[in-house]
Chemist: 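Provided herewith is a single structure, encoded as structure tokens, for subsequent inquiry.
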2 protein chains.
Amino acid sequence: MSPATVSFVLNETPGQVLREETRDRVRAAAKQLHYQPHRIARALRAGSSPVVLLDIGPIWGGHILDGFVQGMRDELVTEGLTLLVRRGDEAPLDEMIDAVAPRAFVGLPSEYTGGSHSGRVEIEEGGRLDGLAAHAHTQLGFLARLGHRHIAVATPATSDASARRIVDLRLQHAAAVRSELGLTQVTELPLTESPEDDRATVAALLSDTPEITAVAALDDMLAMRTLRAADDLGIDVPADLAAIGFGNSAVGSLWKPALTTVEIDAVAFGHRAARLALGKPVGEFARPASRVIVREST
Amino acid sequence: MSPATVSFVLNETPGQVLREETRDRVRAAAKQLHYQPHRIARALRAGSSPVVLLDIGPIWGGHILDGFVQGMRDELVTEGLTLLVRRGDEAPLDEMIDAVAPRAFVGLPSEYTGGSHSGRVEIEEGGRLDGLAAHAHTQLGFLARLGHRHIAVATPATSDASARRIVDLRLQHAAAVRSELGLTQVTELPLTESPEDDRATVAALLSDTPEITAVAALDDMLAMRTLRAADDLGIDVPADLAAIGFGNSAVGSLWKPALTTVEIDAVAFGHRAARLALGKPVGEFARPASRVIVREST
DNA sequence: GCTAGTTACTAACTCGAATTAGTGCTACCG
DNA sequence: CGGTAGCACTAATTCGAGTTAGTAACTAGC
């Protein structure tokens with residue numbers, strides 16, 4: 001068995017004429033010897049590892065993320081690629097790209113700018129139809145249809161720059177759909193990790209701007225912080241203050257009152273992201289990318 | 001500049017006599033040419049990528065995980081290694097090990113058995129002093145000291161085999177510390193994703209075994225499911241039923257009543273895991289690996 | 001027996017870095 | 001002038017897979 005012949009068989013090199021019997025012999029030998037191609041050597045030749053790196057921003061988590069990852073994986077396995085996920089708290093992005101040499105890189109709105117690395121794709125999620133802007137539309141539109149005009153947007157009171165960037169991006173989307181939805185005002189409501197502080201913040205906001213009748217939160221956790229503060233202040237939800245979350249997390253349905261929230265079709269987003277990263281054509285969304293799950297808090 | 005000389009300088013090969021001026025010239029040239037050593041080629045020579053793969057079981061999440069990852073990373077950067085984390089829902093473990101060829105592999109109690117891969121370390125977390133057994137001791141011991149004798153352990157009603165394995169492991173730990181703590185009985189309380197089902201399960205358990213006065217949950221989420229069910233059933237917490245969580249997650253302090261929980265020193269565990277994986281000696285714990293955060297639910 | 005066609009072979013080389021053994025050159029000392 | 005450090009060089013190899021060009025061995029047809 002020459003290395004060349006073996007290579008032709010195992011990699012099914014097109015245009016190579018080999019007897020079927022020979023192919024069988026090679027395959028049998030490979031099996032018997034438990035031949036496992038050395039991936040690093042392959043990667044060296046190919047120029048990159050059979051890996052796509054997904055960089056998650058600091059905010060996303062839980063339910064949505066799971067679906068997104070799932071969707072990307074579905075798409076990548078068809079190409080024999082493995083998905084690697086980097087969370088905000090893990091190794092620095094550069095270090096990670098350097099260490100694994102991925103075939104492609106997918107970043108949700110991130111700090112990462114510039115870069116000569118091949119196959120790098122940035123998803124800016126600003127899409128009017130399928131990005132965060134659309135989700136803002138879904139969330140605020142629902143409140144608008146219920147008659148709310150003054151709405152507060154609950155955000156995390158973070159000082160982290162990259163987290164802040166995402167928050168600002170989402171506030172911009174909210175502002176962008178404001179007039180279209182006939183909303184009078186959209187105010188920011190920055191919440192912390194402390195229930196006491198949050199109570200004070202909510203109380204201050206409502207006394208400053210009593211016209212506010214609803215809170216749209218950037219995630220379910222923030223919505224629940226709001227509900228907790230409202231409960232502490234003796235505010236009736238949803239009669240005096242409605243609240244809607246984002247992401248349809250598990251605790252939301254458990255809360256009392258059960259949290260109304262926006263669910264997004266994360267799996268479909270994952271598919272899209274993967275196809276984009278691989279340079280394959282992305283199709284249309286089969287159904288709306290986000291929808292409201294109505295429960296008791298609105 | 002010969003390749004050999006350059007290699008000696010850049011890798012600081014010990015035992016090589018070189019003039020400082022030459023070293024400087026090499027370094028300057030490397031900088032000017034933006035020399036970036038190709039990691040895959042390096043990995044090929046070294047036999048593995050400069051990466052340690054951490055495999056998280058299906059249960060862990062949130063707060064604890066963050067600390068653990070942080071701790072491992074602290075330790076690994078000193079060796080120039082990058083930490084990669086695999087969650088339960090991502091690519092299969094084999095595929096991932098195959099794709100990145102990590103220097104070492106760290107698995108929390110997992111399905112993964114056998115394996116010729118070098119540097120693979122399984123952490124069985126059964127340690128009496130510093131593992132899950134110790135945490136069970138911390139959690140149940142606290143309830144025992146409050147006078148509880150019949151305790152229910154809230155578990156996720158999962159059918160997933162690997163998740164089930166971890167649950168069983170933790171139930172075993174609970175059973176193991178039972179007699180030592182003077183507890184009469186430790187019963188399993190399997191909770192689902194449905195508040196209605198949970199309410200029925202809790203009601204059934206308490207009518208079958210009215211002696212039960214406390215619930216110890218395997219994580220905070222399960223503790224909150226229990227609290228939700230208790231609230232629905234009109235059970236007074238903590239007077240008629242106490243509840244303690246595990247993991248000190250963010251929502252726990254937000255809940256009403258605020259959740260008593262067990263916090264574990266995840267960063268220290270991360271350090272240990274990394275040192276273990278690298279074959280370095282692991283020291284003693286400076287302080288208890290877990291402690292109770294007392295709030296209103298007990 | 002010659003030619004053409006089929007099939008599998010050998011040998012050399014790529015990817016990029018690291019490492020070894022051996023060599024050449026300079027400078028200094030006795 | 002010979003000997004010996006001190007220093008940097010050349011050339012060859014390794015890691016494992018994959019690829020290419022050229023060739024050898026065999027069979028079939030005329």
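A note on names: the letters A, B, ... follow the listed sequences, proteins ahead of strands, and every chain is numbered from 1.
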Chemist: I need the CD-P distance between Glu12(A) and dA17(D), as an integer number of Å.
Modeler: 17 Å
Chemist: Does Arg42(B) place a side-chain N or O at less than 4.0 Å from the phosphate oxygens OP1/OP2 of dA18(C)?
Modeler: yes
Chemist: Can you identify which nucleotide, out of dT7(C), dA11(C), dT20(C), has its nearest atom closest to the Ala4(A) side chain?
Modeler: dA11(C)
Chemist: How many Å lie between CD1 on Ile40(A) and P on dG18(D), as a whole number?
Modeler: 14 Å
Chemist: Can you tell me how far C1' of dT7(C) sits from CZ of Arg25(A), to the nearest Å?
Modeler: 11 Å
Chemist: Rounded to the Å, how far apart are Phe8(B) CZ and dC9(D) C1'?
Modeler: 10 Å
Chemist: Would you kindly compare Leu44(B) and Glu21(B) by the position of their nearest DNA chain D nucleotide and give the one closer to the 5′ end?
Modeler: Glu21(B)
Chemist: Could you check how far CG of Leu18(A) sits from C1' of dA25(D), rounded to whole Å?
Modeler: 16 Å
Chemist: Is the shortest side-chain N/O distance from Tyr35(A) to OP1 or OP2 of dG16(D) below 4.0 Å?
Modeler: no
Chemist: Whether the side chain of Arg39(B) engages the backbone of Ala99(A) through a donor-acceptor N/O pair (distance < 3.5 Å, no angle test) should be reported.
Modeler: no
Chemist: Checking Arg86(B) side chain against Ala91(B) main chain: does a donor-acceptor pair fall under 3.5 Å?
Modeler: yes
Chemist: For the side chain of His38(A), starting at C-beta, report the closest nucleotide among dT19(D), dG16(D), dT10(C).
Modeler: dG16(D)
Chemist: Among dG16(C), dA17(D), dT7(C), which nucleotide has an atom closest to any side-chain atom of Pro37(A)?
Modeler: dA17(D)
Chemist: On DNA chain C, compare the nucleotides closest to Ala41(A) and Pro3(A); which residue's is nearer the 5' end?
Modeler: Pro3(A)
Chemist: Whether the side chain of Arg275(A) engages the backbone of Pro281(A) through a donor-acceptor N/O pair (distance < 3.5 Å, no angle test) should be reported.
Modeler: yes
Chemist: Could you tell me how far apart Leu10(B) (CG) and dG16(C) (P) are, to the nearest whole angstrom?
Modeler: 17 Å
Chemist: So what does Glu20(B) hit on the nucleic acid, given a heavy-atom distance under 4.0 Å: a base, only sugar-phosphate, or nothing?
Modeler: nothing
Chemist: Please check the phosphate of dA17(C) (OP1 and OP2 only) for any side-chain N or O of Ser7(B) closer than 4.0 Å.
Modeler: no
Chemist: Whether the side chain of Asn11(B) engages the backbone of Thr13(B) through a donor-acceptor N/O pair (distance < 3.5 Å, no angle test) should be reported.
Modeler: no
Chemist: Using atom CZ of Arg39(B) as one end and atom P of dC15(D) as the other, report the distance to the nearest whole Å.
Modeler: 21 Å
Chemist: Quick one: which of dA18(C), dT7(C), dC7(D) gets closest to the side chain of Val17(B)?
Modeler: dC7(D)
Chemist: Does Arg45(A) place a side-chain N or O at less than 4.0 Å from the phosphate oxygens OP1/OP2 of dG16(D)?
Modeler: no
Chemist: Expressed in angstrom and rounded to an integer, what is the separation of Asp24(B) atom CG from dC7(D) atom P?
Modeler: 14 Å
Chemist: Can you sort out the partners of Glu20(A) under side-chain hydrogen bond (donor to acceptor under 3.5 Å, both in side chains), two or more places apart, ordered by chain and number?
Modeler: Arg27(A)
Chemist: Return whichever of Thr13(A) or Arg19(B) has its heavy-atom-nearest nucleotide of DNA chain D closer to the 5' end.
Modeler: Arg19(B)
